[in-house]
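Report on one structure; see the data block that follows.
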Amino acid sequence: MKLSRRQVLLATGATVLPVSLFGATTQVTLQPRPTVAKIGQHRLEMLGFNGSVPGPEIRLRQNEKLNVQVENGLDDGTLVHWHGIRLPNAMDGVNVLTQDPIAPGDVFNYRFSVPDAGTYWYHSHYLSYDQVSRGLFGPLIVEESVPPDVDRDITVMLFNVLLDVSGNFDDEFRPEHFATAGRLGGVVTAFVSENEVLLGDRVRLRLINPSLDRVYSVSISGVSGFLVAYDGMPFARPEPLSTLVLAPGQRADVIADVTHKIAILETSGALVIEMAQIAVSGQRKKRSRAIPALPANAHPRLGAIKHKAKLVMQGGGGGKSHSGTATWAFNNQSGLPSKPLISASKGDTVQIKLVNDTSFAHGIHMHGHHFWEVSEQGERTYFRDTTLVEAGDTRDIICVLDNPGAWLLHCHMLSHQADGMATWLRVR
Ligand SMILES: [Cu+2]
C-alpha cells in the first residue's frame, strides 16, 4: 500500500495547498499491531504497521511537513524512528534519550518537516531487535522539488526471516544470534512496490535494507544504468552500477533503463538468491538522454575539527575481552553510557575514528546527522548516515554536529545494539 500525499490529504479531507506558498502537511496514521504477513512463499504471524509488512510507504515532497499519529496496538511499548531524517531531537523516537516508550493503547504524534530529498525509512526503535525483525518498518520517500525524469519510481526493501522447524516465524533469540554476525534468516526476499515494467522504461530503484543484521551484496540484472545516491544523499556524479553492499539501515538509489526483466539478486554467499523479480509487460522507446545526477541536498559547512574521538568496537564471539557488562562494547562500555562520546556546541565539526576490533562487521548509524566517510588517503567520500566497518578495519568519519540534542550512535546490526553497542553525542 502506498500513501501518496494527495491520497492522504483526500482521505483526511484536508486541502492540498501549493508547497511554495504554505508548505503542505502530510497526515498519516501508523498503527503497529499483530499481523499475518506474506514473506516469500510463507504466511507468518508477525507485527506490521497498519496490518502490512513492510508498513505503508510514506511519500512527501522535500521541505513539506509530516504529521504521524502512532497508535500503539501492541502488547508492548513501542517507538518510531525516522532513519536518516534531520529532525528535531524530540521527534527522533529513541528510548531514554528523546522520549519514553508509547504504552500499549497510547497515541503519540510525531511532527517534523523533511529538509532533504531522498530515500529514507521508518522503524520501531524500542526493543528494536525484536520489533524490527518481526516487521515494524516501512519506506519514507522524500521527493525532490523537481523529480528526475523517470517512468517508474520503485521501492525495494531487502528482508529475511528465520523459520522454526514447523515453518512458523521463529521469534527466539539465541546467544549465537547476539554474539556473531546476528540472527540471519534462511528466507531471503525483497519487497518491491511495482511488479511490472516496460522494456525501455527509465526506472528509479530505491533499495533499502531494513533487515535486523544481514548485510546484502546486491546485483540487479535486466537494467543498464547508474548508482546515484547513498543513504538519501545524491552523488555529484552518478557511478556505474555494479554490486552494491548494503548494511542494515543503508540505502542506495539507482536510475537505469530496462533492458530485460529485472531481477534483484543477493550474491554475498556461495549461492545467488533471487530476492525479487519485476516482469516486463510491453515496450516503449528508450530515452536517448543520459542519466543525470540528482539535485544535491544542502550540506552543512565544514569547519576546523573541534573534537576528535575514537570508538573502539569490542567483544562478540572470538573477540578479545573488554570491561563492558554485555557481549559487545564501545570503548569498554556496554549499553548507553551516562556521558556522551562527544559533547559539542552546535555547528562543531568532529572527527570520529571507528575501530573495529572484533571478528564481525558492524554498520554504525548516527542519528540526526549525516557524516562523510573518509578514505584511507584522507579524502572525504560518501555523505551517509550509516557506515559499514568490516572486521579488523578502521574508518574515520567527519561530521558537522549542527542539530541540537542527544543523538544515538549505535550499531545497526540490531542484535549487536541490543547486546551492548550503543553510545551517544550531545549537541548544545
Ligand atoms: Cu554490530
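Order of appearance sets the numbers: ligands from 1, and atoms from 1 within every ligand.
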*Among side-chain atoms of His367 and His410, is any donor-acceptor pair under 3.5 angstrom?*
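His367 vs His410: donor-acceptor pair found between side chains.
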*Please list, in chain and residue-number order, the protein N/O/S atoms closer than 2.8 Å to the Cu ion (ligand 1).*
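Under 2.8 Å from the Cu ion (ligand 1) - ignoring waters, which are not counted - the protein N, O or S atoms are His362 ND1, Cys411 SG, His416 ND1.
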*What is the ring orientation for Tyr230 with Tyr382, classed by angle as parallel under 30°, tilted 30 to 60°, or perpendicular over 60°?*
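The arrangement is perpendicular - the two ring planes meet at more than 60°.
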Suppose we screen for salt bridge (charged side-chain N to carboxylate O under 4.0 Å, His left out). Which residues come up paired with [X], at least two apart in sequence or across chains?
X	answer
Arg86	Asp116
Lys261	none
Glu373	none

*asked:* Among Thr267, Thr243, Asn160, which residue satisfies the side chain to side chain donor-acceptor pair (under 3.5 Å) criterion with Tyr216?
replied: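 Going through the options one by one, the only one that passes is Asn160.
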